[in-house]
Amino acid sequence: MNRTRWRRGRRAVTLLAAASTLASVTTGVATADDSMSQALVPWRDQAGPAVFHQPPPRAPQLESTGIWKAEPTQVCMTSAYRRGEFLYQGCLWDDQGAGAPLDWPAGTMVKAYTYPKDPVYRSNAADLVELRARPLPDATAFRLTFNTMTDPDLVATTIALGDSPTPVAAPFGANTVMPAQTFVTVHGRTAEVVDAKTGDKAGSLTATVDTERRQIEVRVPHSAFDPTGRTAVRLAAATGLWDKEANRYLIPQALADEKHPGGALPTTLRPSAFFDVAFRYDEPIDGAWRDEQQKTTLLTGDISKFHTIVDFTKLATATDDDMTGQRGGVPKTGYIQRIYASHFELAQGRRQPTDPGAPPTGANTQQGGLTTSTDGSTDVSGQFGWVCREDCVPDLAGRLQRYIVYVPKLTAPEKGYGSLTFTPGYAMTPADVVGESRDLYTSVANRSSAPTLVMAVDGRGNDNWFYGQSGAGVFEALADLGRHYRLDPNRRMMSGFSSGAYGANKLSLTFPDFFSKAFVCDGLNKAPSFPGVNGVADTLPVDTVTQHEPGSVLTPLLPSRRNQPVMEWAGAPDDFIPYHIPRERADAYAAGDYDYEFVTWLGASSEHLIMCHNGTWDLFTKWAGTGERTKTPAHVTYVRNPLMDDELFGLVGDRAYWLSDIRTRGTDGSTGTIDVVSRGLGLADPAVPPVAKGAGIASGTTIPLNPYTREYRKLSAPATVAAVNELKITATNIRTVTIDPRQAEVGCDAKLDVRTDGPLQVVLLGCGAPRTFGEG
């Protein structure tokens with residue numbers, strides 16, 4: 001790391017520490033420097049990285065000022081009546097205009113409409129996140145909120161008020177029709193009123209722009225359109241790019257240039273100007289960007305189907321109604337796509353080719369496939385994605401992010417729902433886990449014995465191997481989920497697929513006390529990788545094919561999984577990830593004393609994309625059980641890997657259970673291992689049985705019958721022994737470790753039996769000065 005990046009990281013740590021101190025006052029979460037308070041907080045409540053424990057982040061787009069009072073729904077494609085306002089919550093990254101729906105990976109990587117190449121648009125300027133209406137004595141106020149706003153004059157939104165017998169042409173050359181009585185087109189600080197029937201301009205209004213909150217407000221006087229006392233007012237809206245010089249919409253052409261959007265199909269004579277249409281309540285949840293209906297409908301040039309009906313008598317009486325169970329209402333159960341605020345925004349919108357931290361030439365990325373150099377760099381690498389860290393802008397760069405959660409109709413247990421967090425693979429989105437039946441969401445969630453919320457995240461684009469903002473976003477999403485649902489911290493599982501399986505492994509190994517169990521579906525072992533290539537190249541004396549991140553190999557970190565059972569799936573043969581890659585971890589599990597199960601799928605079901613999307617989840621749910629974590633363990637092992645730390649984003653792995661502040665010696669980033677047994681808990685490691693083996697056939701949704709072999713070891717509960725006031729410590733390349741004696745159930749006078757390969761400082765919380773071993 002260069003000095004500039006180091007300084008930025010240190011500043012960020014200081015800010016996060018300050019926020020964490022505040023959190024300890026307001027929520028009972030202790031900081032690492034507050035030894036007395038930390039000793040009073042159970043380790044499970046301190047588990048996980050600093051970013052998880054921060055107070056809720058501020059997102060200006062979700063704030064209200066002036067006449068606006070209602071809380072946003074933060075649920076994509078929903079509406080509600082709240083505090084005298086009607087709200088429509090759009091979604092994120094669905095501003096792709098007209099085009100044909102595409103399957104993975106093209107559906108994620110290829111955009112229908114493309115923005116002008118000028119980075120001021122941030123490839124996201126027309127992303128309408130929210131529209132709301134509020135009646136006033138002499139006008140109707142409308143507020144538009146955008147995901148990105150670098151210049152409000154770049155974008156226009158046409159609001160269609162009222163109905164008409166037939167669809168009419170939207171004004172200003174939008175090349176689109178929809179029913180309306182009056183059109184109000186808002187661009188920058190101007191709103192122009194047009195009589196929909198005649199097309200004549202009926203006046204201009206002044207709009208108010210709040211660039212900090214990326215909001216525009218316009219008040220439409222009753223003289224232009226009066227909905228007062230009406231129970232059914234038709235409302236529609238759509239957003240596109242604005243040509244300031246011509247005072248009209250910018251129309252996409254075949255290919256984008258600096259000032260014009262692209263993506264118009266050759267067969268479309270009059271491309272619609274609109275990138276994002278509101279009130280799309282029926283968009284399928286399994287679309288990558290939730291815009292498949294929008295794409296096909298805009299191709300026709302008629303968006304009449306996208307509208308809502310607003311009851312202005314409800315607004316006049318300030319009747320609250322989330323319309324749950326109705327079309328467009330806020331759901332309580334089932335698939336829910338939520339918007340949440342991140343602590344981080346290094347840039348608005350989507351990543352631009354000129355942004356810092358570009359992937360090397362030859363890398364395949366979600367930004368649009370194979371990358372070419374934009375800065376004259378000679379770096380070349382064949383890989384999926386790239387590790388994007390301190391001075392790097394990820395694909396989905398903005399403050400607002402999203403995830404999908406499935407909420408069962410089952411009542412939450414007394415201690416709260418269990419949770420399973422899923423990290424999708426390269427160029428995948430949470431929608432790729434959604435299936436017609438027996439998908440991961442429903443199979444895990446709808447178990448009466450273990451009601452569970454199943455969540456999948458975008459990972460800032462799932463290109464970045466869950467380092468930096470990509471990894472931090474997993475914990476930010478979980479924190480947001482916990483603000484809306486009661487979750488049991490003792491039943492918190494982690495899972496992922498392909499490069500997302502690498503991420504699931506990385507995060508669950510770095511924070512083993514946070515996740516109770518891990519499920520790794522066909523995962524890689526290094527980041528980044530191009531699996532088929534690296535299956536061979538990684539075995540050569542010199543691998544020049546891929547720029548692997550230093551310290552990214554997972555197998556050396558497996559000892560951290562002492563108290564975290566794991567299930568892994570692999571394929572033989574696997575068309576994508578050579579079998580020896582996951583087999584390396586399986587061999588380590590078998591040779592050690594791990595609680596694990598390794599499943600090898602055979603034949604057609606071993607194919608990479610089928611294996612983890614084939615509805616064979618019964619094997620996982622049977623193994624997972626309730627997802628309960630190990631109780632306070634008496635034996636803790638942790639591998640400290642400084643090279644995986646992302647301090648700027650509150651993602652530092654230096655603790656496990658009742659151990660904290662684990663630091664290695666030296667500055668080269670080498671790993672260190674700390675192993676501590678507390679004899680004060682009166683527990684001893686169980687006997688380690690031999691590995692058992694078996695085979696079976698599972699029914700699937702894509703392939704009916706799926707043969708597999710399994711090898712497994714199930715550890716019994718720890719044996720009960722006489723408690724002794726003693727800690728046995730074994731350390732390799734560890735400089736300091738802090739132990740909470742209360743949770744280890746020993747006293748300040750505990751005997752310390754220490755074996756170390758160099759100087760080791762041991763701190764017992766609340767017990768005075770640290771003690772040093774291994775000197776001289």
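Sequential numbering from 1 along the given sequence is applied to the chain's residues.
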| message | Using ring pair (Phe, Tyr, Trp, His ring centres under 6.0 Å), reason through Y638 and Y657 one step at a time and then give a plain yes or no. | response | CA-CA 10 Å; Y638 187 73; Y657 308 96; 8.9 Å; no

| said: Closer than 4.0 angstrom, basic N to acidic O: yes or no for D749 and K751? | reply: no

| task | Hey, could you give me each pair passing disulfide (SG to SG under 2.5 Å) that has a residue in residues 573-651? Not counting sequence neighbours. | result | C521-C612

| Any side-chain heavy-atom pair of L659 and Q743 under 4.5 Å | no

| field | T632 side chain to W43 side chain, donor-acceptor N/O pair below 3.5 angstrom | value | yes

| task | Please identify each residue that fulfils side chain to side chain contact (heavy atoms under 4.5 Å, CB included) with D574, with sequence neighbours left out. | result | D522, F576, I577, H608, M611

| Between R583 and E711, does at least one N-O distance fall below 4.0 Å, as a salt bridge requires? | yes

| request: Evaluate the side-chain proximity of T423 to M494: yes if any heavy-atom separation is below 4.5 Å, no if none is. | output: yes

| task | Ignoring hydrogens and angles, tell me if any N or O in the side chain of N706 forms a donor-acceptor pair with the backbone of A698 under 3.5 Å. | result | yes

| task | May I ask you to decide if G758's main-chain N or O and T756's side chain share a donor-acceptor pair within less than 3.5 Å? | result | yes

| said: Taking G418's backbone N and O only, do any of them form a donor-acceptor pair with D488's side chain (distance below 3.5 Å, no angle check)? | reply: no

| query | Any cation-pi pair here, K526 with W465, using under 6.0 Å and within 45°? | reply | no

| request: Please tell me if the side chains of T616 and D618 come closer than 4.5 Å, counting only heavy atoms from C-beta onward. | output: no

| request: Could you check if a side-chain atom of I697 sits within less than 4.5 angstrom of a side-chain atom of Y708, using non-hydrogen atoms only? | output: no

| Okay, side chain of R629, backbone of P489: is any donor-acceptor separation there less than 3.5 Å? | yes

| field | Stepwise side chain to side chain donor-acceptor pair (under 3.5 Å) test for T637 and D675 | value | CA-CA 4 Å; T637 306; D675 182 278; 2.6 Å; yes

| query | If only atom types and distance count, is the side chain of T630 paired as donor or acceptor with the main-chain N or O of N563 below 3.5 Å? | reply | yes

| said: Using a 6.0 Å distance limit plus a 45 degree cone around the ring axis, check whether K506 lies over the aromatic ring of Y467. | reply: yes

| message | Within the structure provided, determine whether V533 and V536 are in side-chain contact (heavy-atom separation under 4.5 Å). | response | no

| field | Any donor-acceptor pair under 3.5 Å from T452 side chain to A450 backbone | value | yes

| said: I'd like to know if the side chain of S716 reaches the main chain of P686, judged simply by a donor and an acceptor atom lying under 3.5 Å from each other, with no hydrogens or angles considered. | reply: no

| message | Please verify the inter-ring angle class for F514 with F52; under 30° counts as parallel, over 60° as perpendicular, anything in between as tilted. | response | perpendicular

| request: Taking D432 for its side chain and T429 for its backbone only, find out whether a donor-acceptor pair lies under 3.5 Å. | output: yes

| Pairing of R562 and D595 as salt bridge, 4.0 angstrom limit | no

| Quick one: does R491's side chain have a donor or acceptor within less than 3.5 Å of a partner on S516's backbone? | no

| said: Do the side chains of D757 and R665 get close enough for a salt bridge, i.e. N-O under 4.0 angstrom? | reply: yes

| Electrostatic pair E549-R389, nearest N-O below 4.0 angstrom | yes

| query | With the threshold set at 4.0 Å, does a side-chain nitrogen-carboxylate oxygen contact exist between D513 and R492? | reply | no

Enumerate, atom names and distances included, each donor-acceptor pair closer than 3.5 Å involving a side-chain atom of residues 565-573, sequence neighbours excluded.
unit_1, atom_1, unit_2, atom_2, d
E568, OE1, R585, NE, 3.2
E568, OE1, R585, NH2, 2.9
E568, OE2, R585, NE, 2.9
E568, OE2, Y589, OH, 3.0

